[in-house]
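Convention: sequence-line order gives letters A, B, ...; per-chain numbering from 1.
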Protein chains: 2
Amino acid sequence: MSQSRFTPETTRLDDAARAGWLYYVAGNTQDEIAKKLGVSRQSAQRLVSLAVSEKLVKVRLDHPIARCMDLSGALSERFGLRVIEVVPSDPSVPELLTGIAIAAAAVLEKTLKSPDEKIIALGTGRALRACVEQLPRMDCPQHRIVSRLGNMMSDGSATPYNAVIRMAERVGARHYPYPLPVVARDEEELRVMHGQEAVRHTMELCTRADLTLVGVGQIGLNAPLRVDGFMTAEEMEALMAEGAAGEITSWVYDADGRVMDCAFNRRVASAPLPVPGSGPVVGLAVGKDKAGAIRAALRGRLINGLITDEATAERLLKQ
Amino acid sequence: MSQSRFTPETTRLDDAARAGWLYYVAGNTQDEIAKKLGVSRQSAQRLVSLAVSEKLVKVRLDHPIARCMDLSGALSERFGLRVIEVVPSDPSVPELLTGIAIAAAAVLEKTLKSPDEKIIALGTGRALRACVEQLPRMDCPQHRIVSRLGNMMSDGSATPYNAVIRMAERVGARHYPYPLPVVARDEEELRVMHGQEAVRHTMELCTRADLTLVGVGQIGLNAPLRVDGFMTAEEMEALMAEGAAGEITSWVYDADGRVMDCAFNRRVASAPLPVPGSGPVVGLAVGKDKAGAIRAALRGRLINGLITDEATAERLLKQ
DNA sequence: CACAATCGCGAGCATTTGCCCATAGCCTGA
DNA sequence: TCAGGCTATGGGCAAATGCTCGCGATTGTG
């Protein structure tokens, strides 16, 4: 029962959780919390804000906002979607990920709560990462989380937006990282990589996934592929000239959502995109720059589900 | 697409949801929200607080607080529980229901997310009511929600703490209210009531419930049975003298958790308490006054699950 | 049509909160 | 052991928030 012999970090988060509870659930003022926990007012404030910044406090909004419902209905009808969520936008922060992250976490949670074994396949990226942060801690040893693409640069260093490991540790599921770089140096190297037993097994799991969640990347000078260093500016410009519209787990596709036959794609090591009609494949994306990429992916049935925000949804429907 | 032709209430809640979203999810200040929604700062404040008071904003805390974990472990071991949740207490508001309500809603949600048909049986009371308020809106036509007891006074007026109807409309499930008063006037009337086909069907559903959630009432002058007018002060005093320790769905039991053979129980119209070993039967209760009632119920295996708070958990273990 | 009751709004003010800063305690490494 | 740096603490202050009050509009009623 001695709970003070833990690491300071544990105790500190514990206190933060307690402070957050007293603040958000019990509705205390920070002064009252300070008295109850025996610390100064300022420390209580710090604990509460720590609870928020450590994402211990999860807020969700439970009301079907009419405008969002309208938009999701329209999108669903236009593109024949199996999963659709439209969350409110903040006009002044159009790229805010929190909203779609919460919505996507709810979708994941639904699958995770199933008692039957499920396979969940994930892409990478900022949106996926934010989504995983919104998941509650759970204990789901029956499920498997599998990555659809590598999380290494070509030099072996790790990319920062790894979602699978984080998710697996959070929900207590087995996980299958994808032990490859994102792009191979050449086709020969790729052949060798794909020959590995572990890689083949992981790719096979991806094809059987019960839920696939991927980010949608735009093409352009601010594209994730470019910013995160998987592609030089020249390569990007060449792709733009060839009519590339977007990218999902590094597979570059054109405005009709067809995966392009280009030099870059021939080096992409990610699992092949799922065929339409298997499980739900849900894209996760917001932002003005992404509308084109999302529309193309929907048109080509590369994804059959979408989680986005009002502003992006409107942009998708306009035209 | 004209969303302005709804009732003012709908629009108002819509705005409230939007304001709440901008405040809690996007992290805007109320000034910014006011500008974005085109209202005054004060109106924005009102919208945010409306979103809170209408329970559109749900906060949950996702951290295993060590002390609570210790207590739940100890309770679980001591009483052999199938479900156990201990939430933090606010020492200055020992009867605060929000905490256990959130925890209980999470338990319900887990069952509701099942794709298979489930039967959920509920008691009544303030705690149950608070719990249902914490449920998100869902669409679960596959499940059935059934009441274990009536929600009428003997004169036919409704009691205020009806959980079943509220829950069913919130989660979109079929529901089976219990069309009887809580206590019959005499044994003869009870026999007639229990002869009704609908009542027998509802009671039969209760015995097959996959999850039963009930409040635990104490015995005494502040007891719910007494305060809500189901029992006169004299009857209550008589029961106390006979050694009554608590009450679940109006069935009064003694300190060993045995349902008593007394005049009152012979008039109780509620479904018989579930036999141990069927589904999980979860009790929901906090408060100094309730510790005795809870302990007796646990001892007699009237419940095999418990959702309570730290302070009450400590009291249960002490002794 | 006039009147009364009710409701929502915004001004003003007290409280609460977030944050910066000076300081004190603590760890680290020589 | 001590110097140097690092982190946590609480004071103080500006910003944000919650609340009350009076006003004007709207709705219902005689």
Side-chain angles (χ1 to χ4, degrees), chain A residues 3-61 63 65-66 88 90-93 96 98, chain B residues 2-61 63 65-66 88 90-93 96 98 133:
Chain A
Q3 70 263 26
S4 43
R5 286 292 155 266
F6 292 150
T7 75
E9 255 337 274
T10 308
T11 303
R12 187 162 175 75
L13 281 183
D14 232 67
D15 286 345
R18 195 170 284 274
W21 193 93
L22 288 168
Y23 191 71
Y24 287 104
V25 179
N28 284 271
T29 124
Q30 299 184 351
D31 258 320
E32 295 169 315
I33 296 172
K35 283 194 198 85
K36 285 170 192 174
L37 298 186
V39 296
S40 70
R41 210 264 302 164
Q42 290 87 336
S43 300
Q45 198 274 334
R46 277 178 199 119
L47 287 173
V48 172
S49 89
L50 181 69
V52 174
S53 66
E54 290 293 320
K55 306 241 170 37
L56 304 181
V57 176
K58 305 270 168 73
V59 179
R60 63 178 169 171
L61 229 122
H63 183 79
I65 298 185
D90 181 344
S92 66
V93 195
L96 185 75
T98 323
Chain B
S2 78
Q3 71 263 27
S4 42
R5 285 293 155 265
F6 292 149
T7 75
E9 255 337 277
T10 308
T11 303
R12 190 166 172 72
L13 282 182
D14 232 65
D15 286 345
R18 195 171 285 273
W21 192 92
L22 288 168
Y23 191 73
Y24 287 104
V25 179
N28 284 271
T29 117
Q30 299 185 349
D31 258 323
E32 295 169 314
I33 297 171
K35 283 195 199 83
K36 285 170 192 174
L37 298 187
V39 297
S40 71
R41 211 264 301 164
Q42 289 89 333
S43 299
Q45 198 275 332
R46 277 180 199 118
L47 286 174
V48 172
S49 89
L50 181 68
V52 174
S53 66
E54 289 292 320
K55 304 240 169 43
L56 303 181
V57 176
K58 307 269 168 72
V59 179
R60 59 179 173 173
L61 230 122
H63 183 79
I65 298 184
D90 181 344
S92 65
V93 194
L96 185 75
T98 324
E133 297 293 336

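- Here the shortest heavy-atom pairing between B:A17 and A:L61 reads O-CD2, 3.3 Å.
- Per the geometry, CZ belonging to A:R12 stands 12 Å off P belonging to D:dT7, to the nearest Å.
- Rounded to whole Å, the distance from CD on B:Q30 to C1' on C:dA11 is 16 Å.
- For B:S43, a side-chain nitrogen or oxygen approaches OP1 or OP2 of C:dG10 to under 4.0 Å.
- Minimum interatomic distance between B:K55 and B:K58 (heavy atoms only, all atoms of both residues): O-CE, 3.1 Å.
- The base of D:dG18 has none of its N or O atoms less than 3.5 Å from a complementary donor or acceptor on the side chain of B:R46.
- Computed from coordinates, the B:L47 CG to D:dT17 P distance equals 14 Å when rounded to whole Å.
- The shortest non-hydrogen separation linking B:N28 to A:S92 is OD1-OG, 4.3 Å.
- Of the candidate nucleotides D:dC19, D:dT17, D:dG10, D:dT17 has the atom lying nearest to any side-chain atom of B:Y23.
- The separation between A:I33 atom CD1 and D:dG10 atom C1' is 17 Å, rounded to whole Å.
- One finds no side-chain N or O of A:S49 lying less than 4.0 angstrom from the OP1 or OP2 phosphate oxygen of C:dG18.
- Checking D:dT9, D:dC19, C:dC19 against every side-chain atom of B:Q42, the shortest atom distance belongs to D:dC19.
- Distances from the side chain of B:Q45 to the nucleotides C:dT16, D:dG18, D:dA16 place D:dG18 closest.
- A donor-acceptor contact under 3.5 angstrom links the side-chain atoms of A:R41 to the base of C:dG18.
- Computed from coordinates, the A:K35 NZ to D:dG10 P distance equals 14 Å when rounded to whole Å.
- For the pair A:V59 and B:R60, the minimum side-chain heavy-atom distance is 4.5 Å or more.
- Residues B:S40 and A:D31 both approach DNA chain C. Their nearest nucleotides, taken by heavy-atom distance, put B:S40 toward the 5′ side.
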